[in-house]
Amino acid sequence: MATKGNSGDRKSNNSLFSIFVIAGLCCFFYILGAWQRSGFGKGDNIALEISKQTDCSVFNNLNYQKSGDAGMIDDGAQVKEFKPCEDKYIDYTPCQDQMRAMTFPRDNMIYRERHCPPDNEKLPCLIPAPKGYANPFPWPKSRDYVPFVNAPYKSLTVEKAVQNWIQYEGNVFRFPGGGTQFPHGADAYINELASVIPMDNGIVRTALDTGCGVASWGAYLFKKNVIAMSFAPRDSHESQIQFALERGVPAVIGVLGTIKLPYPSRAFDMAHCSRCLIPWGANDGMYMMEIDRVLRPGGYWVLSGPPINWKNNYQAWQRPKEELDEEQRKIEEVAKLLCWEKKHEIGEIAIWQKRINNDFCREQDPKPTMCKSTNPDDVWYKKMEACVTPHPETDEVTGAAWQPFSERLNAVPSRISSGSIPGLSVETFLEDSRTWKKHVNAYKRINNVIDSGRYRNIMDMNAGMGGFAAALESPKLWVMNVMPTINERDTLGVIYERGLIGIYHDWCEAFSTYPRTYDLIHANGVFSLYKDKCNMEDILLEMDRILRPEGAVIFRDKVDVLIKVRRIVGGMRWNAKMVDHEDGPLPSEKVLFTVKQYWVAGENNSTSSQ
């Protein structure tokens with residue numbers, strides 16, 4: 001059993017950082033890694049011992065200016081100091097703010113969708129961590145235990161007590177792996193699904209969990225090397241997405257409402273709803289049609305709980321027979337309209353499979369209304385429609401055999417090989433993969449705890465073709481690959497074809513997550529991309545919001561851009577060091593390594609690291 005973090009031990013923060021400066025950046029990350037991994041303020045002596053044993057010679061093969069950071073110019077300008085926000089903002093989610101949500105209509109869950117503050121209402125301050133904040137446990141222990149101080153909300157332990165979602169034990173929450181639809185545990189439930197869906201051989205790799213609760217389904221899917229993108233709204237089930245991310249499970253705040261899901265077409269191998277309370281038959285089947293859009297041809301949809309097998313369960317569910325009968329009838333009708341094949345129905349579980357191509361559906365009657373949009377991936381703030389996304393006209397995926405994940409990760413995706421994305425070829429994809437392997441190897445030489453398990457939740461803010469995530473791939477971590485909506489070239493579909501996950505997002509707005517949910521953030525060319533689009537400070541404050549105390553950020557950009565970034569983060573309680581490109585000092589592209597200091601609500605120490 002873990003003990004609560006000792007904030008007194010954390011006060012040694014300043015002395016440790018002076019050690020970092022003396023030891024150099026390599027030892028800086030090595031000591032920090034030991035300090036963080038030890039957890040709960042016990043790392044000071046361990047860190048100092050490791051610093052004596054660490055070989056920092058790898059640091060010397062990077063070129064640094066003797067007088068300071070690579071490319072740095074000390075112009076004597078005053079560093080702007082960012083103050084902490086009020087303690088009431090500890091769990092602030094700007095685009096899913098509860099007070100703002102209540103001003104919107106409740107029809108079709110509109111009030112639970114993204115509603116971001118205007119620029120003049122954005123908080124120009126640093127979101128504090130709660131007092132006593134403790135670093136999460138390493139995976140896989142984090143799957144089962146979360147420090148209570150990190151998300152001190154007990155409502156689910158009462159509301160879901162019978163369903164075995166979450167239990168409060170002393171100073172931690174324990175997650176037994178239960179769920180409303182899997183009383184015998186997630187493992188047993190997943191194994192039942194695996195008797196129909198090929199999860200054990202790598203064929204099914206990516207999954208979408210709608211209305212995920214605390215994401216136990218996604219947490220236990222990792223045993224089968226399946227990665228799930230889980231989402232649920234910020235609603236009366238307080239902090240369910242926060243719990244998921246504290247556990248080390250991919251999740252975002254989201255809802256099936258009136259706006260299309262922020263994922264590309266033909267992305268997921270499997271979609272899942274376990275008593276998720278989504279009215280699948282409503283709005284002419286619009287929600288099932290949206291699931292059809294994001295499912296790969298040949299993908300599976302799992303629905304467990306009401307109304308499946310209602311005749312045997314309506315009394316236990318305490319719902320009228322007529323209502324459940326009508327609900328299941330509508331779902332079956334929409335599934336038929338979508339030309340899905342029902343593969344399984346036992347107990348309260350039903351499984352459908354999307355057809356691999358249109359050949360099976362040409363003679364169906366009635367025919368569905370087809371979507372008129374020429375780009376099924378144009379989804380950011382676009383209204384959902386009750387129409388069916390057609391299979392691609394090209395032969396890029398139709399009828400193609402699925403590759404297991406081990407092959408998919410580095411194989412040329414069909415969107416590339418078919419020429420579907422202008423300007424990208426097989427050669428550019430392969431070169432991109434080689435380049436990111438080189439970049440990541442250089443990162444590891446400097447921050448040698450990147451793939452040690454210290455960083456579980458990782459984000460790539462401008463993911464390209466997923467090269468960074470592919471080079472990092474490890475069971476110890478996962479990467480949220482973000483595709484900025486302002487990019488000229490959309491390659492999020494390529495990322496999913498590789499067996500990775502990601503999401504569309506515009507960095508002029510806040511991300512759909514709670515504060516302190518990522519251990520490591522990678523920002524490649526983000527600020528060059530958003531130059532003149534929105535305020536650099538706003539993006540950096542959002543990065544600070546979602547980054548955990550003692551979390552790291554790696555910026556890769558032009559030197560003049562990074563000089564500006566370095567000056568701003570100097571007033572944000574971040575420590576930073578700029579290094580040359582791994583090819584030497586001549587390339588204008590540099591790399592800025594930063595670490596967010598540990599501090600919590602109620603501390604009044606200065607934010608400046610200068």
Side-chain angles (χ1 to χ4, degrees), residues 16-17 19-37 46-66 68-72 410 431-456 458-464 466-477 479 518-525 547 550-559 562 565-566 569 574-596:
L16 270 180
F17 273 102
I19 294 172
F20 296 159
V21 173
I22 296 169
L25 190 60
C26 170
C27 293
F28 166 85
F29 276 109
Y30 206 109
I31 296 170
L32 183 65
W35 183 33
Q36 293 167 320
R37 288 196 305 275
I46 298 173
L48 291 172
E49 184 61 30
I50 286 181
S51 71
K52 299 174 184 177
Q53 304 170 9
T54 304
D55 176 13
C56 295
S57 60
V58 294
F59 187 68
N60 296 328
N61 61 12
L62 290 169
N63 191 313
Y64 293 87
Q65 293 184 1
K66 293 181 180 179
D69 292 350
M72 286 300 294
N410 295 304
E431 177 59 30
D432 183 79
S433 296
R434 287 190 293 266
T435 297
W436 279 108
K437 287 178 182 177
K438 182 176 75 170
H439 289 338
V440 169
N441 284 336
Y443 294 163
K444 290 178 181 179
R445 289 197 300 270
I446 296 173
N447 182 346
N448 49 17
V449 298
I450 282 182
D451 57 355
S452 68
R454 165 64 190 89
Y455 305 123
R456 170 69 181 172
I458 299 177
M459 174 182 284
D460 191 357
M461 294 177 67
N462 184 18
F468 171 76
L472 269 183
E473 172 57 31
S474 164
K476 298 176 183 178
L477 56 85
V479 178
Y518 285 87
D519 304 299
L520 172 66
I521 298 175
H522 182 244
N524 173 46
L547 185 65
E550 301 171 340
V553 180
I554 302 173
F555 299 90
R556 177 179 286 271
D557 217 313
K558 297 175 182 177
V559 63
L562 292 185
V565 171
R566 173 66 182 86
V569 302
W574 290 19
N575 291 76
K577 184 76 172 181
M578 194 184 298
V579 307
D580 283 320
H581 191 284
E582 58 266 22
D583 290 341
L586 295 181
S588 62
E589 182 179 85
K590 307 293 180 184
V591 183
L592 182 68
F593 290 87
T594 63
V595 175
K596 178 179 176 178

Is there a side-chain contact between [X] and [Y], using heavy atoms and a 4.5 Å cut-off?
X	Y	result
His439	Arg556	yes
Glu550	Lys596	no
Asp519	Arg454	yes
Phe593	Met578	no
Leu477	Tyr455	no
Lys438	Val440	no
Glu589	Asp557	no
Trp574	Val553	yes

Looking at [atom1] of [X] and [atom2] of [Y], how far apart are the two atoms once the value is rounded to the nearest 0.5 Å?
X	Y	atom1	atom2	result
Glu582	Asp580	CD	CG	10.5 Å
Thr594	Leu592	OG1	CG	6.0 Å
Ile554	Leu520	CD1	CG	5.0 Å
Ile450	Ser474	CD1	OG	12.0 Å
Met461	Phe555	CE	CZ	7.5 Å

* To do: Decide side-chain contact (heavy atoms from CB on, under 4.5 Å) for Ile458 and Phe468; before the verdict, give the C-alpha distance in whole Å, the side-chain angles of both, and the deciding distance to 0.1 Å.
  => CA-CA 11 Å; Ile458 299 177; Phe468 171 76; 4.0 Å; yes

* Is the backbone N or O of Asn524 less than 3.5 Å from a side-chain atom of Asn462, with the two atoms forming a donor-acceptor pair by type? ->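 Side chain of Asn462 to backbone of Asn524: a pair is present.
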
* Asked: So, for Ala576 and Val569, which heavy atoms are closest and what is the spacing to 0.1 Å?
  ->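 Taking Ala576 first and Val569 second, the nearest heavy atoms are CB-CG2, 4.3 Å.
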
* Determine the minimum heavy-atom distance between Pro585 and Lys590, stating which atoms define it. =>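 Shortest heavy-atom separation between Pro585 and Lys590 comes out as O-NZ, 2.9 Å.
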
* What do you reckon, is NZ of Lys437 surrounded by more than 12 foreign heavy atoms closer than 6.0 Å? ->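 Open: at most 12 neighbouring heavy atoms sit under 6.0 Å from NZ of Lys437.
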
* Asked: Salt bridge between Asp451 and Lys476, side-chain N to carboxylate O under 4.0 Å?
  ->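 Lys476 and Asp451: not salt-bridged.
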
